[in-house]
Novice: 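Quick one: this structure, given as structure tokens, is what I'll be asking you about.
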Amino acid sequence: MNAQAPIVQQAVAQLHQDQMRVTSIPYTSTNMVIFSGVPLAKNSYKTNSGKYYVTIKADPDTIPAQPALGQHWSVKGTRLVEEMETGDFVMQQHTYESPEHIECSLPETGEQLIRFIAREVDFKGIGESKARALWELLGKDFHSIVRKDTPESREWLRSVLSEGSINALFEGYVKYKNLAYCNWMTEHKIPASVQQRLLKHHGEESIEAIKQNPYVLIGFGMSFKDVDKLVEFDQFKITKSDHRRLSSALETSIRKEIEKGHTYTTQASLRPYLTKLLNDKELVIQAFKAGHDRAQYILNPVTGTYHPTAQLLMENVVAKRLKVLANQDNLFDEYANSAYCFAVDELPYKLTKKQIEAVTTCLDNAVSCITGGAGTGKTTVLRTALRAYQQMGFEIHAVALSGRAAMRLHESIGLFTSTIAKLLREDPIEPSSEQPKHLLVIDEASMIDLPTMYRLVNHIHPSVRIIFTGDPDQLPPIGCGKVLADIVLSKAIANTMLDIVKRQDGSTGIPEYSKLINQGIVPEKLSTGAIHFHETTKNNIAQVCCDLYQQSPENSRVMAPTKALVADINKLTQEAVNLNRNRLEFEMHGERFFQNLRLNDAILFTQNHYDKGIQNGSLGVLTSVESSSENYGEVTLDTGDKVEITQSVLDCMELGYAITLHKAQGSQFPRIIIALRSGKIVDRAWLYTAITRAEAEIHIVGSRQDFELAVISESNSNKRHSFLSEMLRS
DNA sequence: GATCCGCA
């Protein structure tokens, strides 16, 4: 007999329940939201008791709606009761942390609803008096009328609201009209983020879609295992061998391969994933067969490789467009020649032979590449070619993947530039009678993955010319494919590969060193010239990087492969150089919070705010933590510009002593410290990219063995299966 | 058991 068992059981079984109306939301962040309110009597909208209040703490992804003042919530779960002193008297606080069950509803009746609409910012411009008039007009029909934006509903509303307020009412209500679905989905443990995506796509049919095939949820961000659990839990009539289940297992496996960067795969690579998901050999065989029958993938009869239909389509479209452009050659006529001469005349110095070739190649072909590493004069070539294109009457659209790269491109060519994402949100590039000629320039093209290139191709008219610039040996794109590397490899597109221009004062040894690594050769001496290798054990890397940083803080930046290591180094470095300075303080909903950023800390921004002059990847120093009514402090960027810290700026600030190499890609620093910790992304290309970030001095921190292994092994990019180069050749 | 980015 076990005397303890019943007690444990009781603790688990103790579920409490409360209804409440939200009166304050003291804290919101990406992984936690805290809101509290007054309790309501069950199934009524009267305040239940003045003796306690209810607080809910939850992950925002596990609740059906964003909390807002005036909403009604019901919770069920274990609760924690605490006595809280508020002024003269003591109140009880009932806290539900990550409750078992949670639902949100709109107040349904007069007074509460009026107040809710008047207060909720989503109903812009509708105050108390308008809300009251609205209730008097519609009464209980309120919800059914506001639910659908029809001319009849609008006609009704026009007697009490202006056109602007009517719009605000419908727009505000959209957030709440799906509440019933959200509650249902939350009850079925479907995360809020998945709910939102599903609702966007399926709208009011969302629940119907789930019931027809719960595995659709995988397409909106849920894992196969979680859906499997849901199916079991809810007793959907779906057997283990149901084709819906099998095909989504295959889909999941294929996606895993795509996430690794491949655009196609093999049965042998897919099988382990499928086996893990389905846990049954026979089902795995069935899944492959079903996938083939349903054209989830195309089997290449020559190579035996599996090509997911979506990826194959994208490669096909991209290859076709590039080949059409490549076939229009011999464009270099007298007209182009005079434009070329004009552009070259403007240069203050002479181009090398290879650089001249690069410029003329760009003018001679409708699609071309300028490739090469740092210090090869890519930007000079590009600037000259673009000048000539302008002279020929082309409108130039220059883009790069990241905000920071786009800004750098702008600085070097002097033209308007934009991120690719922004370009894609604007109108497609089409020739018109007043502007028939367009050129698209894609900088840092090594970062472009297949889906992005596909979208670009679909966004521009077939007559639009393209220039790629970049270094195919740098870090490969994050998404699948390796567009630039494939283009170069195929030799089907005109490409000029620029080599390092020998500088007279080239005594750092950096260009030679980086070249060796790029070729897969371990330099004879790991420390040479301005390059210093620091043999360090794995666990000591962060500390050594931190020590080296302190030797010359104003010139240094640490590059690390992972965000986790970046965070470690940042923490150590802050503790070492900046422990006692004042922290950045800010207020939210009347409460004070501290951010672990101190005066004088190196700061990294992680979002673009064009109006404030910062981009994702911008670096600076926290130069003030004095908060005023307008802002919480000030950052001085490495460009010298100053940025006021507002709430939105604060949300994208991190410590910047160390950054991931991906963030640093395209930037250069006087002195860099490389945290060489072996892992999935550290390969030859990673090391090469890191080393070419340095202007004057390099410190490599890690073990010789890891260094050598990274250099000698084939690069990750090379291991990527991609079909684009074959398609370009054929 | 463990990766990097850009947008909404």
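Every heavy atom of this structure was used, including side-chain atoms; hydrogens, water molecules and symmetry mates were not. We name chains A, B, ... by the order of the sequence lines, and we start the count at 1 in each one.
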Novice: For I478(A) and dC4(B), what is the distance between atoms CD1 and P respectively, to the nearest whole Å?
Specialist: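 Roughly 9 Å, once rounded to whole Å.
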Novice: Could you state the atom-to-atom distance from CD of E426(A) to P of dA8(B) in whole Å?
Specialist: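 Distance, rounded to whole Å: 11 Å.
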Novice: With a non-hydrogen cut-off below 4.0 angstrom, is D449(A) in contact with a base, only sugar-phosphate, or nothing?
Specialist: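 Result for D449(A) = nothing.
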Novice: How would you list, by chain and number, every residue that makes a side-chain hydrogen bond (donor to acceptor under 3.5 Å, both in side chains) with Q543(A), sequence neighbours excluded?
Specialist: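 Per chain and number, Q543(A) pairs via side-chain hydrogen bond (donor to acceptor under 3.5 Å, both in side chains) with D547(A).
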Novice: Which part of the nucleic acid does K663(A) contact within heavy-atom distance under 4.0 Å: base, sugar-phosphate only, or nothing?
Specialist: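 Result for K663(A) = sugar-phosphate.
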Novice: Once you round it to whole Å, what is the distance between C1' of dG6(B) and CD1 of I614(A)?
Specialist: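 Interatomic distance, CD1 of I614(A) to C1' of dG6(B): 16 Å.
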Novice: Is the NZ or CZ atom of K422(A) both under 6.0 Å from the centre of the six-membered ring of Y610(A) and within 45° of that ring's axis?
Specialist: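 Checked: cation-pi criterion met.
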Novice: When the ring planes of Y264(A) and H307(A) are compared, do they come out parallel, tilted or perpendicular, using 30° and 60° as the limits?
Specialist: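 Ring orientation, 0 to 90° scale: parallel.
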Novice: Can you measure Q665(A) atom CD to dG6(B) atom C1' for me and round it to whole angstrom units?
Specialist: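 Taking atom C1' of dG6(B) as the reference, CD of Q665(A) is at 13 Å.
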Novice: Over how many whole Å does the gap from L604(A) atom CG to dG6(B) atom P extend?
Specialist: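 From L604(A) CG to dG6(B) P: 9 Å.
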Novice: Rounding to a whole Å, what distance do you find between I442(A):CD1 and dC5(B):P?
Specialist: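 It is 21 Å, rounded to the nearest whole Å.
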Novice: Could you check how far CD1 of I448(A) sits from C1' of dC5(B), rounded to whole Å?
Specialist: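 So the CD1-C1' distance, I448(A) to dC5(B), works out to 11 Å.
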Novice: Counting N and O atoms only, with roles assigned by atom type, does the side chain of H410(A) sit under 3.5 Å from a partner on the main chain of A405(A), one being a donor and the other an acceptor?
Specialist: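 Absent.
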Novice: P477(A) or Y610(A): which one's nearest nucleotide on DNA chain B is closer to the 5' end?
Specialist: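 Whichever sits nearer the 5' end wins; that is P477(A).
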Novice: Hey, does G479(A) reach any base, or is it just sugar-phosphate, or nothing, if we go heavy atoms under 4.0 Å?
Specialist: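 If one applies the 4.0 Å heavy-atom cut-off, G479(A) turns out to touch nothing in the nucleic acid.
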Novice: Under 3.5 Å, side chain of R693(A) to main-chain N/O of T689(A), donor-acceptor pair present?
Specialist: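 Judged by distance alone, yes, a pair lies under 3.5 Å.
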Novice: T452(A) near the nucleic acid: base, sugar-phosphate alone, or nothing, with a heavy-atom cut-off under 4.0 Å?
Specialist: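 Nothing, no heavy atom under 4.0 Å.
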Novice: Using atom CD of Q474(A) as one end and atom P of dC4(B) as the other, report the distance to the nearest whole Å.
Specialist: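 In whole Å, dC4(B) P lies 18 Å from Q474(A) CD.
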Novice: Are the side chain of D61(A) and the backbone of S193(A) linked by a donor-acceptor contact shorter than 3.5 Å?
Specialist: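 Indeed, once roles are kept as given, a pair shorter than 3.5 Å links the two residues.
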Novice: Could you run down the sub-3.5 Å N/O contacts of the protein with nucleotides 1-3 of chain B?
Specialist:
none

Novice: Tell me if a side-chain donor or acceptor on K189(A) pairs with a main-chain N or O of L230(A) at a distance below 3.5 Å.
Specialist: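 No, the answer is negative, given that no donor and acceptor are paired below the 3.5 Å cut-off.
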